[in-house]
Every structure is written in structure tokens, then in C-alpha cells.
Protein chains: 2
Amino acid sequence: MLKLSKRTEYAIMAARYLALKNSGNCVTAKEIAEDYQIPYQFVAKVLQDFARTEMVSSIQGSKGGYVLNRLPEEISLIDIISTVEENHQLTECMQEDANKTSCEHIDCCKIRDPLIEVQRKIDSLFAQTSLKQIL
Amino acid sequence: MLKLSKRTEYAIMAARYLALKNSGNCVTAKEIAEDYQIPYQFVAKVLQDFARTEMVSSIQGSKGGYVLNRLPEEISLIDIISTVEENHQLTECMQEDANKTSCEHIDCCKIRDPLIEVQRKIDSLFAQTSLKQIL
DNA sequence: TTCAAATAAGACTAAATTAGTCGTATATCA
DNA sequence: TGATATACGACTAATTTAGTCTTATTTGAA
Ligand code: SF4
Ligand code: SF4
């Protein structure tokens, strides 16, 4: 538990690569996969997620690839994590509007509120860590 | 990812229960399981883990159960998590002595050092949160 | 206009982890 | 000696993660 998925690790690597090579023309998923020895299809999907949230622009076709849209100091770990992981929270019940569908214990659970506070602190930690610090 | 396991949630609940009922005689796993509507066998194992690290004392036999050995303010979330989860880290490579067996990319990985720093901060966050704050 | 190289995306499979159960042994009190 | 409790390993089922396959589409250049 509390482990980052490979998906997230690859996402951080890819974002870092884009930030470093952002001088001029775009970068392909293949290039990143080969450079870091990580599965091509996997990293490609992560980049597609980035494109969907407009963190990067994707250019289709031959000579295509990806370009970072924002400055490394304007991208935080929480941006990266939340685009590639649909649920990056400590428990199923962390959202304000969580209900019994999220967790059957929600009505009597006494540890939820303290955990929400811990979650807030962790999120703030990730928000404070920018891509620039990882270059 | 980054989700606490049910094992950890039950552990926090059980520790909290012990801290609240620590007035006098001991508390059984059955009592905790029934009170929180969580699986008996599961919470029993968590309590056995606690006993192994001497966070609680276990009393066998009839009229047996568990008693907290330390004050709630002397028990932190990191104590609880590290006793019930053998590996609570962000990646497989967080230990100082990690090698290629941990992760094949370890020699060329550029995100490891920044992640170790994030890990340090998360651990410190858990260390600063005491059981007393969760009562 | 056709080929090569690239993104886009959904379906699928395999491996690993998590959650929970079962069975049996042991200890202790009444 | 029986009831009640911990101790603990083995097992199973469910879920999640990691990775692959396939097909479609876009675009630049020969
Ligand atoms: S309500 Fe309590 S038991 Fe349920 S997911 Fe939230 S913290 Fe965990
Ligand atoms: S070495 Fe890098 S890729 Fe491997 S587990 Fe550590 S952070 Fe992840």
C-alpha cells in the first residue's frame, strides 16, 4: 500500500523527459520508451492522458509526437498523478460527497475525518513538488 | 495507488479502540470486530502483528484479549502502518541499499532521488500524526 | 497518391496483490 | 474439562496492476 503504480512512475519519467527535451521539436513515445527501457504502449497511453488534460500537445502523423504546454515549474506531482490515476486517494471515502456506496462503514467511521486531514497534507506535499525540482 | 489497504484501516480502528477502552481490563478481537462490523479473523491478525512489535500485550485464554502498552500520544501512524504493512513505500527502490533486484532501472533512474525525498516527507507526516489525534 | 511513421483508443490477458476464510494448535479461566 | 480466547499457517476469491494486441486515423514526404 501507499505505493505508486508503474503507470505513475512512467508518467513522471515521461514528463521529465519532455521538460528536458522541450527545446524546439517534439518527442515521440517511442523515443521515451527506448531511452528509459519502459514498455512503449504503456508510456504512449500515459502521454495520451497528458494530452487529454492539455498538459502536453500531441501532434499526429509522421514527424509527430508530444510537446509540453506548460513550464516545468508550473507542473506539480499532483497534476501528474491526478491525470494518470483516476483515484489517488488514501481511501474510497475521501471525497466530501462520499456515501454508503463508497464504503459501508462511512456513517459510523471515526477515522475518516482524521484521514481526510492526512490526505489534505499529502496532496499539499505533492502540490508543492514541481517537475522542475525533478529535472 | 497511494491507497491504504483495508488491513491498515482496520489497524488504525483497532488501535483507536484499544486507546479508548484502555481503562482497566483487556479488549478482545471479537469485540472490536463486532463494534466496527469488520471481519474478525482479519482484525485478529492485525492485533497479533501489534503484539509482535510489543505495541500491545496479548493475554491468551479465557478472559484474554489485548491491552495497549504505550500511551496514545506515543503511537504514531507510521508505527501502525509499518507494523501491519511490510512495505509501505512509494516504490520498490526506496531503501538506501536497494539494488537491481528491487528494480531493473535503478542504475539509470533519474526520478529515484526526488522520490526518496518525497517519501521522507510523507513518512515524517505519518510520524507527526499520533493516535491521540485520532481519538 | 501511396507509404511510412506517428498518435488514439478499446479490448484483452497475465501477473500480482489484497481481502477474507478455514483449520488447527495452544493457553487460561472457571 | 469445557468455554473462550489468542496464534498462525495455508488457502481461496476478488480486485487491481501491468502489459499486449489490434485496428483506426492523421500527416509528412517520396
Ligand atoms: S469510511 Fe472509514 S472504513 Fe470506510 S473507507 Fe473511509 S476511512 Fe475506511
Ligand atoms: S529505480 Fe526508478 S523506476 Fe525503479 S522503482 Fe525506483 S523510482 Fe521506480
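Atoms considered below: every heavy atom in the structure, side chains included; atoms not considered: hydrogens, waters and symmetry mates. Residue numbers start from 1 in every chain, and the chains themselves are labelled A, B, ... in the order their sequence lines are given, proteins ahead of strands.
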Atom [atom1] of [X] to atom [atom2] of [N]: distance rounded to whole Å?
| X | N | atom1 | atom2 | answer |
| --- | --- | --- | --- | --- |
| Asp49(A) | dA9(C) | CG | P | 9 Å |
| Lys3(B) | dA16(C) | NZ | P | 20 Å |
| Gln37(A) | dA18(D) | CD | C1' | 17 Å |
| Ile38(A) | dT20(D) | CD1 | C1' | 16 Å |
| Lys30(B) | dA5(D) | NZ | P | 6 Å |
| Lys63(B) | dT4(D) | NZ | P | 11 Å |
| Leu4(A) | dA16(C) | CG | C1' | 17 Å |
| His88(B) | dT18(C) | NE2 | C1' | 18 Å |

Any side-chain N or O of [X] below 4.0 angstrom from OP1/OP2 of [N]?
| X | N | value |
| --- | --- | --- |
| Tyr40(B) | dC22(C) | no |
| Arg7(B) | dT17(C) | no |
| Ser5(A) | dT16(D) | no |

[X] side chain, from C-beta outward: closest of [options]:
| X | options | result |
| --- | --- | --- |
| Gln41(A) | dA9(C), dG20(C), dG9(D) | dA9(C) |
| Tyr10(B) | dG20(C), dA18(D), dA8(C) | dG20(C) |
| Ser58(B) | dG19(D), dA7(D), dA19(C) | dA7(D) |
| Gln60(B) | dT7(C), dG9(D), dT6(D) | dT6(D) |
| Pro39(A) | dT20(D), dC8(D), dA9(C) | dT20(D) |
| Ser62(B) | dT16(D), dC29(C), dC8(D) | dC29(C) |

Closest approach of Gly64(A) to Thr28(A) (non-hydrogen atoms, all atoms of both residues): O-CG2, 3.5 Å
Heavy-atom closest pair (Ala19(B) atom, Leu68(B) atom, distance to 0.1 Å) is CA-CD2, 3.7 Å
With distance as the sole criterion, is a donor-acceptor pair present between the side chains of Glu9(B) and Thr91(A) under 3.5 Å? no
Could you verify whether a donor N or O on one side chain and an acceptor N or O on the other, from Glu31(B) and Tyr17(B), lie under 3.5 Å apart? yes
Does atom CD of Gln95(B) have more than 12 heavy-atom neighbours from other groups under 6.0 Å away? yes
Tell me what Ile59(B) touches on the nucleic acid: a base, only sugar-phosphate, or nothing, going by heavy atoms under 4.0 Å. sugar-phosphate
Using heavy-atom distances to pick each residue's nearest nucleotide on DNA chain C, tell me which of Ala44(A) and Met1(A) is more 5'. Ala44(A)
Of Glu92(B) and Lys45(B), the one whose nearest nucleotide on DNA chain C sits closer to the 5' end is Glu92(B)
